[in-house]
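Below is one structure, written out as structure tokens; the observations come after it.
Lettering follows sequence order; numbering is per chain, from 1. Since the model is a prediction, treat every value here as computed from it, not as a measurement.
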Number of protein chains: 2
Amino acid sequence: MEGNITKKERDCIIALHDHISLPVRLFNIAEMLNIKAPTAHELVNRLISKGVIEKNNGVISLTEYGNKVYGDIITAHRTMEIIFTKSGVNSDEACSEIGKIDYLMDEKSIEKLLLNIGNPEKCPHGKPVKP
Amino acid sequence: MEGNITKKERDCIIALHDHISLPVRLFNIAEMLNIKAPTAHELVNRLISKGVIEKNNGVISLTEYGNKVYGDIITAHRTMEIIFTKSGVNSDEACSEIGKIDYLMDEKSIEKLLLNIGNPEKCPHGKPVKP
DNA sequence: TATATATTTTAGTAGAATACTAACATTATG
DNA sequence: CATAATGTTAGTATTCTACTAAAATATATA
């Protein structure tokens, strides 16, 4: 339930949560992240040991803690997206650049940034800042 | 002259540039980064192979490219510091949090953020945004 | 049910980055 | 020259990423 998350782990969490259909299995993760099954297997095992995801009969899902981690990443992502696009950064450009940093950002700082821009409910793509 | 930089490499670049006195030697780097000499040796070699720093008679310095990299990191860092503190984040807190992401940020996006906040010359600590 | 297909897991390998100790080499300084 | 300071090499270890090949386990279909 502790410890930092890597970029690949971040991508896995996002992919898992945002997968088109349920249930999500190992091969879905591998496919989405463009990695082979054994690599996905290790990634998933690491995330399980970090308490972020769980596996039941091959079905992979976020734990409660994992959902919190996901939410924090998304809130950071969309908060920064709003700030970036307000400054004239193209929203797709903003999205890909912010994907490199969102999982490293401090929750409390993001909260303050969000408040300062007026607690908007949605990001430039129309998605909720707090999912 | 290409390729991404890691957090440790980022810290090394900053430490090297901001060292109190010249010349900077390997043991100064090790001391500043709190690592042993052989670890510093490898780090320095990696940065040399990336074209960021150079070594002459044991004296370590940034290359022209390294100075550019340093400048980009600092500009990103201070731009974000201004944005964070404007939202009420404590400046020391902001500094340490931003240190985790500044080296990953896109130069062009930072330029737009900076312009949007009125191209200030100095960060909350009074240091130049463009060193 | 038996065979075939799909999926997962294990084993083995590899490379980049980080970091250490111990030993050895080099360079100053006294 | 000898001692101290500094640098380098060698060897080991851990984490993360990623692969192939092979084995195991499901699941599906004939």
Any carboxylate oxygen within less than 4.0 angstrom of a Lys/Arg side-chain nitrogen, looking at [X] and [Y]?
X	Y	result
B:E121	B:R78	no
B:K108	A:E93	no
B:K130	B:E111	yes

Between [options], which nucleotide gets closest to the side-chain atoms of [X]?
X	options	value
B:K8	D:dC19, C:dA19, C:dA17	C:dA19
A:A37	D:dT8, C:dA17, C:dT9	C:dT9
B:T39	D:dC16, D:dT8, C:dA19	C:dA19
A:E42	D:dA18, C:dT8, D:dT8	D:dA18
A:H41	C:dT9, C:dA17, D:dT8	C:dT9

(request) Could you walk me through whether B:D72 and B:T75 pass the side-chain contact (heavy atoms from CB on, under 4.5 Å) test, one step at a time? (result) CA-CA 5 Å; B:D72 287 346; B:T75 299; 5.6 Å; no

(request) With a 4.0 Å heavy-atom cut-off, tell me which residues in residues 23-31 of chain A come close to DNA chain D, sorted by residue number. (result) none

Figure out the [atom1]/[atom2] separation between [X] and [N], and round it to whole Å.
X	N	atom1	atom2	answer
B:I35	D:dG7	CD1	C1'	14 Å
B:K50	C:dA17	NZ	C1'	9 Å
B:L43	C:dC20	CG	C1'	15 Å
B:N34	C:dA19	CG	C1'	13 Å
A:N57	C:dT8	CG	P	12 Å
A:N45	C:dT8	CG	P	12 Å

(request) State whether B:K55 places a side-chain N or O below 4.0 Å from either non-bridging phosphate oxygen (OP1 or OP2) of D:dT6. (result) no

(message) Strictly below 4.0 Å: does A:K36 bring a side-chain N or O up to OP1 or OP2 of C:dT8?
(response) no

(request) Output all residues satisfying side-chain contact (heavy atoms from CB on, under 4.5 Å) with B:A37, sequence neighbours left out; order by chain, then residue number. (result) none

(request) Tell me, please, which residues at least two apart from B:R10 pass side chain to side chain donor-acceptor pair (under 3.5 Å). (result) B:D102

(request) Indicate if B:F27 and B:I14 have the same hydrophobic cluster label, given that clusters are the connected sets of ILVMFWY residues with side-chain heavy-atom separations under 4.5 angstrom. (result) no

